[in-house]
Amino acid sequence: CAVYVFKMWQDNPKDLDSKLYRTFFIMVGLSSFFGGLTHLFAHYLDGISLRVLTWSLLGVGVFTFELATVRKNFKKKVRQILFPVFVFQLIAYFIALYNYMNFNVVIVNMLLGLFAFIVPIEMSTFFKSKNRGAFFIALGITLTLGSAAIHILQLSPHKWFDHKDLANV
């Protein structure tokens, strides 16, 4: 994540779209870092507080990715309609997250934001303009389905390296 943030910052330090994408990568990077610490210290500390931090960062990351995708692909009128939808989604996400304290809330938010919204838009962009960047965005998001499947199916290779650990790898 840090490589992409640095590269985007070098290429377009003041561009709003670039800032939104950078924010997404920063949130995902921090979430992964704190997620790793959570799993590392889960046997020694109450892991729920760190989990909520990592899950909150992912929610903000999905929100900024949605905003960047809308800014890149739609005119102002459509952006004005979709922005309140994304704000509502983010608020609903935090309400559900803090009420249920369950990773399934994160999975649902990512399915809605990334797979149901961003992937179809990026694939449409790719087929219309042959923009390879749009294809790789869609492919990268789609590859994360493997991590979700590991978590949902609880594929655990060992009791000390369970599905939660494997899904983060």
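At least one side-chain heavy atom of Ile121 sits under 4.5 Å from a side-chain heavy atom of Phe74. Looking at heavy atoms from C-beta onward, Phe65 lies in side-chain contact with Ile118 at the 4.5 angstrom threshold. Using a 4.5 Å heavy-atom cutoff, the side chains of Phe136 and Phe126 are not in contact.
For Ser56 and Tyr98, the side-chain atoms include at least one donor-acceptor pair closer than 3.5 Å.
Summarising the geometry, atom CD1 belonging to Ile141 is positioned 7.0 Å from atom OG1 belonging to Thr69; distances are rounded to the nearest 0.5 Å. For the atom pair CZ of Phe25 and CG of Leu30, the computed distance is 13.5 Å after rounding to the nearest 0.5 Å. To the nearest 0.5 Å, the span separating CD1 on Ile81 from NZ on Lys76 amounts to 13.0 Å. Between Leu90 atom CG and Leu97 atom CG the span is 10.5 Å, to the nearest 0.5 Å. Rounding to the nearest 0.5 Å gives a distance of 12.5 Å between CG of Asn104 and CG of Asn109.
A salt bridge is defined here as a Lys NZ or Arg NE, NH1 or NH2 lying under 4.0 Å from an Asp or Glu carboxylate O, and Lys72 with Glu122 meets this definition.
Between Phe86 and Phe117, the ring centre distance stays below 6.0 Å.
Here the shortest heavy-atom pairing between Val62 and Phe24 reads N-CD1, 4.3 Å.
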